[in-house]
Amino acid sequence: MPFRRVHGLQIRSYESCEGWATKREMRWCDACQALAVDLEPKFIRGDELMEFFGAVQTGFGRTVLDENDEYPGHLITADRTFAVRDGGTIVSTASSYAFDVTVPGGAQLPMAAVSMVTVHPTHRRRGVLRRVMDAQLDDVARRGEPLAGLTASEASIYERFGYGTATFTTNWELESDYARVQGVGDDGGRVRLVDADTAASVAHDVYSRASRRVGELTRPAEWWPRLFAPRSKGARFFTAVHEGPDHVADAFARYTLENHWPDGVAADVLHVRELQAVTPEAEAAMWRYLFGIDLVGTISAVDRPVDDPLRWRLPDPRRMRVRQLRDHLWVRVVDIAASLAGRTYAADDALVFELIDDFRPENSGCWLIDGGPQGAACSRTDRAADLSLSAPDLGALYLGGVPVSTLAAAGRVRELTTSAIARADRMFLVHPSPWCTTHF
Ligand SMILES: CC(C)(COP(=O)(O)OP(=O)(O)OC[C@H]1O[C@@H](n2cnc3c(N)ncnc32)[C@H](O)[C@@H]1OP(=O)(O)O)[C@@H](O)C(=O)NCCC(=O)NCCS
């Protein structure tokens with residue numbers, strides 16, 4: 001019987017299944033609809049990238065792939081890219097970028113940023129994704145990358161593979177009548193609107209100097225030109241750059257204006273796509289500029305932190321209406337010891353947790369974290385556990401944005417020794433809250 005980990009623990013029932021049939025070039029089991037092993041995820045060759053991107057488009061329900069479509073051929077490499085073929089046709093895709101993520105304490109750990117995950121509608125719900133996830137996490141482990149991360153099209157898919165929601169973002173709206181930044185006057189700096197080429201280099205520079213929160217990702221140099229490149233319809237957005245009195249750029253904002261003129265009254269919507277700053281003062285100065293743009297009725301911002309300091313600068317903060325609070329970065333701890341020793345902890349303590357990892361059972365067992373603000377060690381242990389949790393819970397709490405006590409209150413984390421949850425909260429939590437603004 002050629003199955004490996006298809007449908008996880010149900011594998012035994014397939015081994016005794018006798019319903020195998022051959023249909024066209026694909027073999028599957030009539031009884032359980034699981035796929036046979038010849039639909040194996042394999043790395044693509046470099047000359048198969050365009051075919052791969054075309055298959056990704058199909059997986060996301062898009063029909064075309066032309067020169068104006070965004071495909072990150074400059075960022076992905078064939079050796080991190082999987083395809084499943086049925087006969088000659090790609091029916092499933094997955095790749096990952098080699099990024100680093102900022103973890104508590106400020107270290108940047110390698111993270112496989114998983115992307116372009118699709119299974120074509122012709123092959124859905126037969127275990128193809130499960131096999132792709134399995135092959136990809138094996139590859140991440142082989143590369144020695146301690147973490148994997150992704151942004152999910154649907155929040156119901158990835159927990160079974162050990163991913164947990166680690167960062168959240170908000171989208172908000174503010175009527176321009178209430179858009180004032182209190183306590184911020186002329187700082188002696190200036191704001192310039194720059195073209196795409198300048199924007200790419202200045203934004204890269206500001207981003208690399210920005211006071212980056214836990215959860216943010218490194219963006220390689222190749223990331224930026226494509227982000228700002230004009231398309232056939234013209235520049236994608238305005239890029240404003242703030243410079244201090246010394247003329248050094250310290251903030252940028254990408255934004256668009258959606259024109260509205262109902263009954264002759266100017267009521268544009270200013271969409272703020274991204275705002276990054278090196279200091280809180282530069283950030284406030286950039287908001288001051290954006291709030292001053294004429295003809296605007298509403299300001300709408302996406303991907304802002306859940307604890308956005310801007311709220312505390314507004315004269316009427318209730319007017320900042322949060323339209324969406326949503327998950328952004330999902331984290332999968334692949335190498336338990338390296339990941340947990342790679343971050344610091346807010347309080348000195350030693351805690352043992354029992355990990356239940358159904359998808360990568362080799363990770364299951366008891367682990368000791370002995371750490372504090374200066375550093376940490378993590379190893380397997382025979383000591384009795386203080387807490388019991390599963391792999392997606394570990395992913396959720398790893399960056400320190402999700403309290404262990406919240407997961408316990410939701411019945412997900414079990415406390416096995418007195419006060420272990422409170423101790424874990426004291427160790428794991430970070431401020432300000434983790435935040436990731438990178439879409440990948
Ligand atoms: C999401 C997608 C990749 C799933 O692929 P698939 O091959 O059908 O998934 P599998 O058959 O391997 O399913 C594995 C498990 O995930 C579950 N699952 C799969 N897709 C799911 C979804 N959208 N919502 C909830 N559960 C889902 C399956 O029920 C199965 O559960 P089980 O482990 O309890 O048996 C595929 O439907 C797809 O390509 N969708 C459109 C593109 C997309 O959203 N990609 C994800 C980008 S982040």
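Below, each value reflects all heavy atoms present in this structure, side chains not excepted, and no hydrogens, waters or symmetry copies. Please read all numbers here as calculations on a predicted model, not as lab measurements. All ligand and atom numbering here is 1-based and tracks the order in the structure.
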*State, with a plain yes or no, whether a side-chain heavy atom of Val132 is found less than 4.5 Å away from one of Pro41.*
yes

*Side-chain donor-acceptor pair under 3.5 Å between Thr437 and Gln276, yes or no?*
yes

*Counting both backbone and side chain atoms, is some N or O of Val119 under 3.5 Å from an N or O of ligand 1?*
yes

_Short N or O distance, Arg124 and ligand 1, threshold 3.5 Å exclusive_ = no

*Enumerate the atoms of ligand 1 whose separation from the nearest heavy atom of Ile157 is less than 4.0 angstrom.*
1 (C), 21 (C), 22 (C), 23 (N), 24 (N)

*Would you say the side chains of Glu274 and Tyr255 form a donor-acceptor pair under 3.5 Å?*
no

*For Arg126, counting its heavy atoms only, list the atoms of ligand 1 lying under 4.0 Å from any of them.*
11 (O)

*Is the closest N or O pair between Glu154 and ligand 1 shorter than 3.5 Å?*
yes

Donor-acceptor pairs under 3.5 Å, side chain of residues 395-411 to any protein atom, not counting sequence neighbours: which ones?
{"residue": "Tyr398", "atom": "OH", "partner": "Ser339", "partner atom": "O", "Å": "2.6"}
{"residue": "Ser405", "atom": "OG", "partner": "Asp425", "partner atom": "OD2", "Å": "2.5"}

*Hey, looking at atom 30 (C) of ligand 1, which of Arg130, Arg160, Arg125, Met133 has the closest heavy atom?*
Arg160

*Output the list of atoms in ligand 1 that are nearer than 4.0 Å to some heavy atom of Gly59, sorted by atom number.*
41 (C), 42 (C)

_Once you measure the plane-to-plane angle for Trp287 and Phe291, does it fall in the parallel (<30°), tilted (30-60°) or perpendicular (>60°) bin?_
tilted

*Under 4.0 Å to a heavy atom of Thr118 - the qualifying atoms of ligand 1, by number*: 39 (O)

*Min N/O separation Phe161 to ligand 1 under 3.5 Å*: no

*Arg254 to Phe237 six-membered ring, cation-pi geometry met (6.0 Å, 45°)*: yes

*Polar side chain donor-acceptor pair, Arg219 to Thr438, under 3.5 angstrom*: yes

*Which ligand 1 atoms does Gly127 reach within 4.0 Å, using its non-hydrogen atoms?*
10 (P), 11 (O), 12 (O)

_Close-contact set for ligand 1 against Tyr158 heavy atoms, below 4.0 Å_ = 46 (C), 47 (C), 48 (S)

_Thr151 touching ligand 1 at heavy-atom level, < 4.0 angstrom_ = yes

*asked:* Distance alone, cut at 3.5 Å: any donor-acceptor contact between the side chains of Asp303 and His328?
replied: no

